[in-house]
Amino acid sequence: MTYDAVIIGAGHNGLVCAFYLARAGLKVRVVERRDVVGGAAVTEEFHPGFRNSVASYTVSLLQPRVIADMRLADHGYRVIERPISNFLPQADGGYLKLGGGLERTQAEFRRFSAADAAMLPAYYDALEQVAQVLRDLALKCPPNMGDGLRTLLAGAAQGWGLSRLSLEAKRNVLDLFTKSASSFLGQWFESEPVKAAFGFDAVVGNYASPDTPGSAYVLLHHVFGEVNGKKGAWGHCVGGMGTITQIMARVCRDMGVEISLESPVDQVLVDGGKVAGVRLVSGEEIAATRVIANVGPKLLYGRMLAEEHQPEDFRRAMRGFKAGGGTFRMNVALSELPRFTALPEPGEHHQSGIIIAPTLDYMDRAFLDAKAHGWSKAPIVEMLIPSTVDDSLAPPGQHVASLFCQQFAPELPDGRSWDDEESAAADTIIATVEAHAPGFRASILGRQVLSPKGLFDKFGLVGGDIFHGHMSLDQLWSARPVLGHGAYRGPVQGLYMCGAGTHPGGGVTGAPGHNCAHEVLADGGNFRRFRA
């Protein structure tokens with residue numbers, strides 16, 4: 001049998017792409033290396049009786065159109081919003097809460113700076129103007145450089161939203177795409193805790209300092225989502241992130257999509273300058289007129305597509321494609337809630353993002369330490385405790401916590417291996433939390449540890465990069481992954497890309513899968529069936 005499309009990887013973008021193609025009448029098969037669908041959006045038991053979202057752990061960026069088209073809510077998709085966004089313990093024993101409405105956040109800010117509280121509405125307005133431009137572009141295929149008039153027309157159409165912005169808003173666009181987070185936030189705020197509250201988003205999945213030029217864009221990327229119609233909100237999917245992808249898989253199967261688990265791909269097959277299918281590690285060959293890769297560009301072009309099928313200029317560009325996020329991921333089973341020195345009793349802060357990174361300088365030192373030594377002795381830690389709102393994840397009275405940690409070198413210096421070092425790094429993370437929540441270490445019943453190498457081994461995330469490639473200006477929009485191939489098409493006819501290494505980038509968005517399916521159907525003359 002020859003399939004109309006075979007998709008490599010049953011992560012959420014692969015499943016979204018499969019859905020749209022199958023809905024248009026194509027015969028689709030998805031092949032997945034692991035024994036479960038979902039890619040990095042999975043829920044697993046990591047300690048007896050304790051389940052959690054193993055890698056991706058929170059919801060905001062999933063596209064409303066994808067949710068509606070796949071009718072996820074009809075199949076059990078439900079998101080519980082955070083009562084406040086973030087809670088930041090401070091070194092002096094104090095704290096800052098972010099979110100819960102403008103007035104509440106302003107009241108919090110006044111404890112640190114009256115000027116920052118007064119500035120907050122203008123900052124939110126400025127960020128929202130630019131975020132709306134990104135929302136408008138998220139489900140559009142970038143203009144492909146080299147397509148002549150078509151490139152110009154597409155560029156003009158997509159640039160229309162920017163052209164309508166005021167001069168001040170255009171300045172903000174330029175700042176957010178080029179400046180460091182520290183520089184950008186310094187224009188708006190004076191208090192170090194306030195700047196840290198916003199600057200944390202700039203280092204999430206980003207192996208860089210908040211002083212690094214371009215880091216302001218990563219901050220922006222994390223705010224253009226929404227939950228339950230509320231822009232910029234974040235929440236917890238009941239049952240964990242695996243609920244989303246399990247639902248997507250059921251919807252796909254109902255559309256006739258075949259999903260093959262434990263089927264790792266060895267090679268993309270090419271015949272006569274066109275893709276012919278894939279060969280699995282088992283030796284099985286699957287014939288297909290289109291191959292769509294939901295793996296990162298580094299994996300696709302470094303391991304799965306032979307160099308002889310890649311033009312020299314493309315190979316050179318891909319050698320320069322930067323990937324490696326410096327993320328370290330832990331899940332811990334807890335006998336009780338952590339008791340923070342700043343707020344020891346149970347409260348809404350336990351249902352928020354708990355950020356241990358009190359200043360931008362703290363974040364900068366963490367990055368410099370990682371560059372020099374492999375990881376910071378005072379790392380950046382975000383803790384979420386989803387069992388406070390979802391009792392399906394842990395036994396009664398006990399809890400699970402996600403520890404999402406930044407500034408761990410993708411590759412350790414001096415020839416050291418993460419296999420040998422990850423336990424010590426995990427202990428450092430626990431000690432960092434313990435300093436703000438005495439007794440935390442003693443409450444841990446079990447833990448799951450995933451260094452950057454562990455994230456690669458388990459999920460195929462090169463260098464622990466949750467975005468499949470840096471979200472820097474040279475790797476965005478039409479240049480993601482490289483100029484000339486920013487429209488989801490590879491260098492071989494019939495080869496497509498639908499993962500986070502394409503526009504609009506990382507996060508559980510579904511946008512690359514949606515957009516890639518649109519282009520596949522357009523190439524096949526099936527454009528009208530995309531909205532069927």
Side-chain angles (χ1 to χ4, degrees), residues 1-19 21-22 26-44 54-55 242 245-246 248-310 318 323 419 450 453-463 468 490-501 513 516-517 520:
M1 173 187 291
T2 298
Y3 292 87
D4 294 313
V6 60
I7 297 176
I8 305 172
H12 81 282
N13 275 311
L15 296 171
V16 169
C17 186
F19 163 77
L21 296 182
L26 273 63
K27 183 65 175 175
V28 182
R29 182 170 173 182
V30 180
V31 290
E32 165 59 41
R33 177 177 64 91
R34 300 189 67 215
D35 61 356
V36 62
V37 302
V42 291
T43 304
E44 297 178 359
V54 175
T245 48
Q246 288 292 328
M248 286 180 169
R250 289 200 299 271
V251 171
C252 284
R253 289 187 175 108
D254 288 345
M255 298 293 299
V257 175
E258 297 179 36
I259 301 176
S260 301
L261 302 178
E262 298 180 285
S263 300
V265 170
D266 176 56
Q267 188 174 12
V268 175
L269 301 176
V270 178
D271 184 21
K274 301 179 182 179
V275 297
V278 298
R279 179 184 299 119
L280 303 183
V281 171
S282 66
E284 177 187 356
E285 293 190 358
I286 303 172
T289 54
R290 304 168 185 86
V291 172
I292 304 170
N294 188 33
V295 297
K298 283 290 189 184
L299 278 182
L300 175 62
Y301 298 114
R303 298 193 178 190
M304 295 181 180
L305 183 67
E307 283 195 356
E308 64 192 82
H309 302 305
Q310 303 178 45
M318 281 308 307
D419 290 334
L450 293 167
K453 181 179 181 297
L455 288 168
F456 172 73
D457 291 342
K458 191 174 183 71
F459 301 112
L461 300 177
V462 174
H468 286 192
V492 178
Q493 185 176 341
L495 178 62
Y496 296 85
M497 299 167 282
C498 73
C516 179
V520 169

Asks: Measuring from E258:CD to S263:OG, what's the distance to the nearest 0.5 Å?
Replies: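 Rounded to the nearest 0.5 Å, the CD-OG separation comes to 11.0 Å.
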
Asks: Testing the basics here: between R290 and V520, what is the closest heavy-atom pair and its distance to 0.1 Å?
Replies: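 The answer is CD-CG1, 3.4 Å.
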
Asks: Apply side-chain hydrogen bond (donor to acceptor under 3.5 Å, both in side chains) to E307 and list each qualifying residue two or more places apart in sequence or on a separate chain.
Replies: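 By the side-chain hydrogen bond (donor to acceptor under 3.5 Å, both in side chains) rule, E307 matches no residue at all.
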
Asks: Pick from I292, V6, I259: which one makes a side-chain contact (heavy atoms from CB on, under 4.5 Å) with V30?
Replies: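 The option that passes is I259.
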
Asks: Could you pull out the closest heavy-atom pair between E32 and G11, with the gap in Å?
Replies: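 Residues E32 and G11, closest heavy atoms: OE1-N, 4.2 Å.
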
Asks: Check residues 294-301 and write down every donor-acceptor pair under 3.5 Å in which the side-chain atom is one partner and the other belongs to a residue at least two apart or another chain.
Replies:
unit_1, atom_1, unit_2, atom_2, d
K298, NZ, M318, O, 3.3
K298, NZ, F321, O, 2.9

Asks: Considering non-hydrogen atoms only, spot the tightest contact between P491 and L305 and give its length.
Replies: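 Scanning both residues completely, I find the closest heavy atoms to be CG-CD2, 4.3 Å.
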
Asks: What distance do K27 atom NZ and L21 atom CG have between them, rounded to the nearest 0.5 Å?
Replies: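 So the gap between those two atoms works out to 13.0 Å.
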
Asks: Is there a donor-acceptor pair under 3.5 Å between the side chain of E44 and the backbone N or O of V54?
Replies: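 Answer holds: no.
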
Asks: List in chain and number order the residues that pass salt bridge (charged side-chain N to carboxylate O under 4.0 Å, His left out) with D254, two or more places apart in sequence or in another chain; answer none if no residue qualifies.
Replies: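 If we apply the salt bridge (charged side-chain N to carboxylate O under 4.0 Å, His left out) test to D254, skipping adjacent residues, there are no hits.
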
Asks: Heavy atoms, side chains only, cut-off 4.5 Å: are L461 and H468 in contact?
Replies: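 Yes; the side chains approach each other to less than 4.5 Å.
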
Asks: Do T245 side-chain atoms and A41 backbone N/O form a donor-acceptor pair below 3.5 Å?
Replies: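 Yes; judged by distance alone, with no hydrogens or angles, the pair exists.
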
